[in-house]
S.K.: 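Just passing along the structure, written as structure tokens.
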Amino acid sequence: MTLSKLGNILEKFLTVEQAKQIHCQIVVNDLHNLEALLIRQILKCAAHYSARTSHYVRSILGHTRKRDAFSASCTIRYLSQNGQFEEALALYSESHASGIYPNSFAISSALKSCARILCKMGGLMIHGQLQKLALCEVVFVQTSLLDFYSKLGDMVVARKVFDEIREKNVVSWNSLLGGYVKHGDLAMAQGVFEEMPVRDVVSWNSMVSGYTRGKDMEQAYDLFCRMPERSFASWNAMVCGYIECGKIEVARRFFDAMPEKNIVSYITMISAYSKLGNVESAKELYDEQRENDLLLYNAMIACYAQNNRAKEALQLFDEMVKPNARFQPDKRALSSAISACSQLGDSEYGSRIESYMKELGIRMDDHLATSFIDLYAKCGNMDKAQELFNALQRRDLVAYTAMIIGCGINGKAREAIKLFDEMIDSGIVPNMVTFTGILSAYCHVGLVEEGYDCFALMQRHGFVPTQDHYSIMVDLLGKAGRVDEAYGLIKSMPSEPHAGVWGALLLGCRLNNNVQVAEIAARNCLELDPDSSGYHSLLANIYAAAGRWEDANRLRGAIHLKIPGSSWV
DNA sequence: GTAGGGTTAG
């Protein structure tokens, strides 16, 4: 078989299994000159199969005995194009360490990876290496470098790199323009836009998104109308802009008006609906495009997971794990799935995900570890959660919050408080979720004064306590026997309390046999949440405890009348 | 075959 024939077969018909067989043949017959060709063809196919082949590509590379600059650069490029930036960088530095000199393809892919994961050190190191490699004059490399600095927000250096490019092309200009836009420097961006010798559709798109970032939709629309040609990205930028301004209906009108939509348009709309809790609209859009893109899956799974519809999230995730699925889950899909497990308290499913990750060689990063911390903590396995927490590269707000909540629900209030203090000391500013966690930890051990301090601290940080925070505080006061104070706190609330807050008060009354306040609490509960029968029996118990049997029996009778059968449950 | 828009965790 000739090389070109083999190439054609691979390119057109390659499946993972077939490629594996061919690769075995090559290894067995010691045909190493074929390896580079094989890898190139696999990478071509990989573009169609995305995550499905990534594991396989890596395994091929593991088998490859002669690692030349060509196969390394192909793989680095492949990884960076498929969003596997850490892996791309790992391979880059590995190749570099084993004496393979990177070519311009490897360099630009590595720089792109650094930019995307905001790895400043990595980019700086590559910049340093460039001097020795005599690649400083290659416009691709220079533009990648420029893009790296502008994505990291260092526009001074970016500008310097740009000035040194001898033959600037439109992409170089666009990267500089995009940098100013991302940096929020609209004046400079406009200057560059005026100065550019040639503008293409990307330049116009950048300017449009410059205005949408500044929430100046009028200017954005004006520019949008004046564009000589429009791409998907032009429309998507407008859709995105209206979403950020909270005008979802206008965004939808633009979305519907698009002459042709691409997958990005769908993902943008789906995640907007997701954040607004409109799962049905998201699902409708998803159904129009299902199984079309890995990121589409991710967006829909995240949508379910973010809106307390964990079962549906996992159903969709299951589709991806099937042997013949078109897309295999990546880290983001995994994060959402783990979060769904956590909501269901299903640690068994979580363990399956963990072994699935091992099987595919997906490394645990901080993001994933944080999802697992939450899962294990909610399932009561604090040892495992602590272990993961200790192994984190960096402890950020979300990780601390997950641990604090975990300690809180597992009765380790002291640890929660310690973590909270540690977090504050390291300069991390807590948010609403953190306060919920720490407040419930105080509640768990009955630290009333600390609870009040926490309320004050929240307000000092500019947060208005939510209904949840008030519920926990009322709960805390009730447990401490301070029912009247709890009632006073409710009366001081700036907004109308929900049933949950009154419910917490009612529970407090039960603990303290406070009939007077209980009647008020129960009345409010029933008004706000008339379908629930729990309040009746709670109040009945309070009457009974106070010796008011008549009232208790009257209420119990009412339960029978109202919802027949419910008392049997 | 190289660079420029989209999605994760509490």
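In what follows, every chain begins at residue 1, and chains take the letters A, B, ... in the order their sequences are listed. These figures come from a predicted structure and were not determined experimentally.
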S.K.: Does NZ or CZ of A:Lys112 fall inside the cone over A:Phe148's six-membered ring, less than 6.0 Å from its centre and within 45° of the axis?
M.R.: no
S.K.: Who are the ring-ring contact (aromatic ring centres under 6.0 Å, His included) partners of A:Tyr349, not counting sequence neighbours?
M.R.: none
S.K.: Name the nucleic acid region contacted by A:Ser371, choosing base, sugar-phosphate or nothing; use a 4.0 angstrom heavy-atom cut-off, strictly under.
M.R.: sugar-phosphate
S.K.: Near DNA chain B, which residues from residues 195-212 of chain A have a heavy atom under 4.0 Å away?
M.R.: A:Asp200, A:Val202
S.K.: Regarding A:Asp468 and A:Ser471, is there a side-chain donor-to-acceptor distance under 3.5 Å anywhere?
M.R.: no
S.K.: Establish, with yes or no, whether the OP1 or OP2 oxygen of B:dA9 is under 4.0 angstrom from a side-chain nitrogen or oxygen of A:Gln306.
M.R.: yes
S.K.: The side chain of A:Asn431 is closest to which nucleotide in this list: B:dT8, B:dG5, B:dG10?
M.R.: B:dG10
S.K.: Could you tell me how far apart A:Phe140 (CZ) and B:dT2 (P) are, to the nearest whole angstrom?
M.R.: 7 Å
S.K.: Rounded to whole Å, how long is the line connecting atom CZ of A:Phe389 with atom C1' of B:dA9?
M.R.: 14 Å
S.K.: At 4.0 Å (heavy atoms only), tell me whether A:Asn103 reaches a base, stays on the sugar-phosphate, or touches nothing.
M.R.: nothing
S.K.: In whole angstrom, what separates A:Tyr273's OH from B:dT7's P?
M.R.: 16 Å
S.K.: Only counting residues at least two apart or in another chain, list the ones meeting side chain to side chain contact (heavy atoms under 4.5 Å, CB included) with A:His183.
M.R.: A:Met155
S.K.: Is the phosphate of B:dT7 approached by A:Lys331 (side-chain N or O, under 4.0 Å from OP1 or OP2)?
M.R.: no
S.K.: Just how far, in rounded Å, is P of B:dA9 from CE of A:Met364?
M.R.: 16 Å
S.K.: Look at the side-chain N and O atoms of A:Thr436 and state whether any lies under 4.0 Å from the OP1 or OP2 oxygen of B:dG10.
M.R.: no
S.K.: Please list, chain by chain and in numerical order, all residues satisfying salt bridge (charged side-chain N to carboxylate O under 4.0 Å, His left out) with A:Glu415, sequence neighbours excluded.
M.R.: none
S.K.: Checking A:Arg394 now: which residues fulfil side-chain hydrogen bond (donor to acceptor under 3.5 Å, both in side chains) with it, not counting sequence neighbours?
M.R.: none
S.K.: If you look at every strand shown and take non-hydrogen atoms under 4.0 Å, does A:Ser104 touch a base, only sugar-phosphate, or nothing?
M.R.: base
S.K.: Classify the side-chain pair A:Asp293/A:Asn298 by whether it contains a donor and acceptor separated by less than 3.5 Å.
M.R.: no
S.K.: Among A:Arg159, A:Arg166, A:Lys160, which one satisfies salt bridge (charged side-chain N to carboxylate O under 4.0 Å, His left out) with A:Asp163?
M.R.: A:Arg159
S.K.: Quick one: A:Met423 CE to B:dG10 P, roughly how many Å, whole number?
M.R.: 16 Å
S.K.: Would you say whether A:Phe232 stacks on B:dG5? The test is a distance between ring centres of less than 5.5 Å and an angle between planes of less than 30°.
M.R.: no
S.K.: What residues from residues 164-172 of chain A pass a heavy-atom cutoff of under 4.0 Å to DNA chain B?
M.R.: A:Asn169, A:Val171
S.K.: Mind checking whether A:His461 and A:Phe435 have parallel, tilted or perpendicular rings, split at 30° and 60°?
M.R.: tilted
S.K.: For DNA chain B, determine which residues of residues 258-268 of chain A have any heavy atom closer than 4.0 angstrom to one of its atoms, and list them numerically.
M.R.: A:Asn262, A:Ile263, A:Val264, A:Ile267
S.K.: Suppose we screen for salt bridge (charged side-chain N to carboxylate O under 4.0 Å, His left out). Which residues come up paired with A:Lys378, at least two apart in sequence or across chains?
M.R.: A:Asp374
S.K.: At under 4.0 Å between heavy atoms, what does A:Asp396 touch on the DNA or RNA strands: base, sugar-phosphate, or nothing?
M.R.: base
S.K.: Just checking, is any N or O donor in the side chain of A:Ser339 or A:Ser371 under 3.5 Å from an acceptor N or O on the other one?
M.R.: no
S.K.: Would you verify whether the NZ or CZ of A:Lys384 falls within 45 degrees of the ring axis of A:Phe372 while also being under 6.0 Å from that six-membered ring's centre?
M.R.: no
S.K.: Of all the nucleotides listed (B:dG5, B:dT7, B:dA9), which has the minimum atom distance to the side chain of A:Ala233?
M.R.: B:dG5
S.K.: If the condition is side-chain hydrogen bond (donor to acceptor under 3.5 Å, both in side chains), which residues does A:Tyr266 pass it with, not counting sequence neighbours?
M.R.: A:Glu288
S.K.: Rounded to whole angstrom units, what separation is found between the NE2 atom of A:His469 and the C1' atom of B:dG10?
M.R.: 12 Å
S.K.: So A:Ser342, base contact, sugar-phosphate only, or nothing? Heavy-atom distance under 4.0 Å.
M.R.: nothing
S.K.: Starting at atom OH of A:Tyr304, determine the distance to atom P of B:dT7, rounded to an integer number of angstrom.
M.R.: 19 Å
S.K.: Closest to the A:Ser271 side chain: B:dT7, B:dG10, B:dG1?
M.R.: B:dT7
S.K.: Rounded to whole angstroms, how far apart are CZ on A:Phe317 and C1' on B:dT7?
M.R.: 15 Å
S.K.: Residues of residues 397-413 of chain A with any non-hydrogen atom less than 4.0 angstrom from an atom of DNA chain B: list those, numerically ordered, please.
M.R.: A:Leu397, A:Val398, A:Thr401, A:Ile405
S.K.: Going by modelled atom types, is there a donor-acceptor pair between the base of B:dT7 and the side chain of A:Arg332 at under 3.5 Å?
M.R.: yes
S.K.: According to side-chain hydrogen bond (donor to acceptor under 3.5 Å, both in side chains), who are the partners of A:His469, at least two apart in sequence or on a separate chain?
M.R.: A:Thr436, A:Thr466
S.K.: Looking across every strand, which nucleic acid part, if any, lies under 4.0 Å from A:Ser109 by heavy atom: base, sugar-phosphate, or nothing?
M.R.: nothing
S.K.: With sequence neighbours left out, what residues match A:Asp287 under salt bridge (charged side-chain N to carboxylate O under 4.0 Å, His left out)?
M.R.: A:Lys283, A:Arg290
S.K.: Anything under 30° is parallel, anything over 60° is perpendicular, the rest tilted; go ahead and classify A:Phe254 against A:Tyr242.
M.R.: tilted
